[in-house]
Amino acid sequence: MILSDDRDLLEAYLASELDAEEIKALEYRICTEEDLARLLIEISCEESVLREWVEIQKSRVWIHKLVGETPERKRSFLRRNLSLAIILLVTFTLGYALGVPHWISERTASSKAENETQLIRDVAVFKEITGGELKTQDVLCNVNENLQISRQYHLDQGILRLKMNSGVEVLVAGPARFHLLNSNEFYLTQGTVTADVPQPAIGFEIQAPHINVIDLGTRFGLSVDESGGAEVHVFQGAVSCQKTEKISTRRLPQRLVAGQSSKIVPGGDLVESQTETDSLFGACLLYQSRIQQLSGDLKLLSNLPESVAVAKLTSNENIYVFQERQSFILPADINCNAPVQGKAQAGSDQAGQSQFEAGVIKKGTRVDVYYVHHDAFHPGNPKFSKTQTRIQLAGQLQFQNKILGILQTDLLLLQTDQLLGHPEVEYLSDGKQQNLRNAEDEISLLPDMRTLSLNWVLSRNQGHQNMNAMRVLVAADE
Amino acid sequence: MNIDNYLSVRTRLLLQHRTALYGYIFSCVRNHTEAEDILHDVCVIAIESFDQLKNQDSFFPWVREIAFHQVLAHLKKQNKEKPFNPHVVAALADAVKQVEEDHSRLNFREILMKCLDKLPELSRDLILTRYDGTSEDIAGIASRYGKSVHSIYSRLKRIKTLLRDCVTKQVTSEVSSEVTV
């Protein structure tokens, strides 16, 4: 809703007269209030016309001074002046299109690149690796070593985690060959990478032989095969991607948002991809979520769900899992069902209720938080199966670290939705919906204390609205 | 002689939508020199890649997308000195589409130009001084006119309100005359 002083506020914004806090607050409103965004554009358009009008007035004065003004001359010279301005605009634009500025900018860019490659400097840190080796010029790299621009790196197999100096976390799945262009740019010759880009590093760029991807605040993945063919998948936020070509034939970039993907083959154009995200990025996404393994009917969501309220995220085939928080320091004590030492089951054949007892995870504990969710199609939905109204799904979920506690009753979930839930996910569509979530069917903890075995049953008889859901808190490394 | 006859379709379309394009770019970068540079680049890319446009009716969404990417690339370069929020750039890209639809329908630019022509002498002078492309700020203008900064702000605000009222009246009269016809 437009407030009485919004126009003044927007004019001050355009004139760069607001402080950082005011800008932040106003930009939040611009993103969330369409009419405010429109008003800002309207003010800018007015400004544009005012400036254009002033330019016309100035040219009239100039003509008047040169030749003296008569109404006829005024009209005639104004027309000629406008014609001249437009011809100059077209000529300049054509000159530009013919490549003179490109030649200059190419020379500038190449000179800049030469200077940059001469400066061997650290731009990322090699944080960890699993199942493979990272080498540069046949020399083995060690964990916590700095990675430098101008060096070619080769990962034979496994998964590698890098932290760019800009703050971007990059996972590389082997076999992969890459080099670093600077602290916020990465060149992938071959292999699969996923990137998690924090706010200050927005604009992170991955280049590949035939594609260039620029992050717009997001999580995304890029996979490049031996021939240079590539696929980009967006898990959260948005990216801009463009086919890599000579400047003289550059194409329009594509914007991809969460859930969208695009691919390119050498010599071809960017087209929509139908490839399952899991088949390309599954290993990286599991690793990124600090999940060791998922089996059975469990499936990790690559894109964050908008809602897990009733009938919003439904499947008759899968129990969905997603990470809500990573390395989160608990701001308060959390009541939960904590594993009882020595009661872990050798298998999942026994009911696991006695393996957990009421406990508290203390404030200040660093945890990873996961949401496990199963809601089947409801009567009335075209996908509702009248022949299968009792749905049983099972599988195992193995985390990288030890499980500290589970929350599998509606009360415990409700108490923690706001505190532990992901801020962008809707948990309950209104405050009245209660007693709908529970997961008390079968949950067993295996002896490694990192694996949960689930055997969940959901009934859709007589229009039952309940869901199976559980929140899991896992110890996180410093 | 109509200058339009000598312009290519692509140039005519760019001129037709330049106000909205500039408005969008300026809203994002908040600097006239940078906005002009970006608009120039957008025009060059649009002219170069015009053949990719399948339907001229979708020219504005197409060129707006070019502007969106150019603005992002520009802001990205400046990110260290001047952090930016890409969500604002995207929200404004959505907003400019609607504004341009309204402005094109109402012939906004031409009507505002006519209203500016009708301004009284003093108001014209103030607008000419304020928007003459020099970097003189309001304090400088206030000192030149021998007025307080607040008084200059108020006067500019009144002029803009008058201009908006004038545009609204013109639009209303044009719409009613269309209805009469």
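Residue numbers start from 1 in every chain, and the chains themselves are labelled A, B, ... in the order their sequence lines are given, proteins ahead of strands. Keep in mind the model is a prediction, meaning the values are calculated, not measured.
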Exercise. CG/B:Asn31 to OG/A:Ser16 distance, rounded to the nearest 0.5 angstrom?
Worked result: 7.5 Å
For this session: Can you measure from CD1 (A:Ile56) to CG (B:Leu116) and round to the nearest 0.5 angstrom?
Result: 9.5 Å
Seminar exercise, completed: Rounded to the nearest 0.5 angstrom, the CG-CG distance for A:Leu36 and B:Leu92 is 9.5 Å
Problem set entry | Contact class of A:Glu11 relative to chain B, heavy atoms under 4.5 angstrom | side chain
For this session: Against chain B, label A:Ile23 side chain, backbone, both or neither, depending on which of its atoms sit under 4.5 Å from a heavy atom there.
Result: side chain
For this session: Measure the shortest side-chain to side-chain distance between B:Arg164 and A:Arg7 over non-hydrogen atoms and say whether it is less than 4.5 angstrom.
Result: yes
Exercise. Please walk me through it: do A:Glu205 and B:Lys76 pass side chain to side chain contact (heavy atoms under 4.5 Å, CB included)?
Worked result: CA-CA 10 Å; A:Glu205 187 170 340; B:Lys76 186 190 144 198; 2.4 Å; yes
Problem set entry | Straight-line distance of A:Glu27 CD to B:Phe84 CZ, nearest 0.5 Å | 10.5 Å
For this session: Could you check if a side-chain atom of A:Lys24 sits within less than 4.5 angstrom of a side-chain atom of B:Asn85, using non-hydrogen atoms only?
Result: no
Problem set entry | Heavy-atom side-chain contact between A:Glu55 and B:Tyr131 under 4.5 Å | no
For this session: Below 4.5 Å from any heavy atom of chain A, which atoms of B:Glu36 appear? Answer side chain, backbone, both or neither.
Result: side chain
Problem set entry | chain A-proximal positions within residues 94-101 of chain B [heavy-atom distance under 4.5 Å] | B:Ala95, B:Val96, B:Gln98, B:Val99
Seminar exercise, completed: Cut-off 4.5 Å, heavy atoms of chain A, and the answer for B:Leu163 is side chain
For this session: Sort B:Leu72 into side chain, backbone, both or neither according to what part of it lies under 4.5 angstrom from a heavy atom of chain A.
Result: side chain
Problem set entry | Interchain contact, A:Asp8 with chain B, by part (heavy-atom threshold 4.5 Å) | side chain
Seminar exercise, completed: Heaviest contributor of heavy-atom pairs below 4.5 Å to chain B, chosen from A:Cys45, A:Cys31, A:Ala37, is A:Cys45
Exercise. Tell me, side chain or backbone of B:Tyr24 under 4.5 Å from chain A's heavy atoms, or both, or neither?
Worked result: both
For this session: Count the heavy-atom pairs under 4.5 Å between each of B:Ser27, B:Gly23, B:Ala35 and chain A, then report the option with the highest count.
Result: B:Ser27
Exercise. Most heavy-atom pairs under 4.5 angstrom with chain B, which of A:Ile30, A:Ile43, A:Leu40, A:Thr32?
Worked result: A:Leu40
For this session: Decide yes or no for B:His87 and A:Tyr28: does some side-chain heavy atom of the first lie under 4.5 Å from some side-chain heavy atom of the second?
Result: no
Exercise. Would you say the side chain of A:Ile214 lies within less than 4.5 Å of the side chain of B:His69, judging by non-hydrogen atoms?
Worked result: no
Exercise. Salt bridge between B:Lys160 and A:Glu46, side-chain N to carboxylate O under 4.0 Å?
Worked result: no
For this session: To the nearest 0.5 Å, tell me how far B:Glu65 CD sits from A:Arg255 CZ.
Result: 5.0 Å
For this session: With side chain to side chain contact (heavy atoms under 4.5 Å, CB included) as the test, would you mind laying out the steps for B:Tyr22 and A:Arg51 before giving the verdict?
Result: CA-CA 11 Å; B:Tyr22 187 86; A:Arg51 286 166 60 84; 3.8 Å; yes
Exercise. Which region of A:Tyr13, side chain (C-beta onward) or backbone (N, CA, C, O), has a non-hydrogen atom less than 4.5 Å from a non-hydrogen atom of chain B, or is it both or neither?
Worked result: both
For this session: Nearest 0.5 Å please: distance from the CD1 atom of B:Ile138 over to the CD atom of A:Glu17.
Result: 7.5 Å
Exercise. Just wondering, do A:Gln57 and B:Asp117 contact through their side chains at under 4.5 Å, heavy atoms?
Worked result: yes
Seminar exercise, completed: Under 4.5 Å to a heavy atom of chain B? For A:Glu33 that would be neither
Exercise. Can you list the steps and then say if A:Trp53 with B:Leu112 is a side chain to side chain contact (heavy atoms under 4.5 Å, CB included)?
Worked result: CA-CA 9 Å; A:Trp53 179 80; B:Leu112 181 54; over 6 Å; no
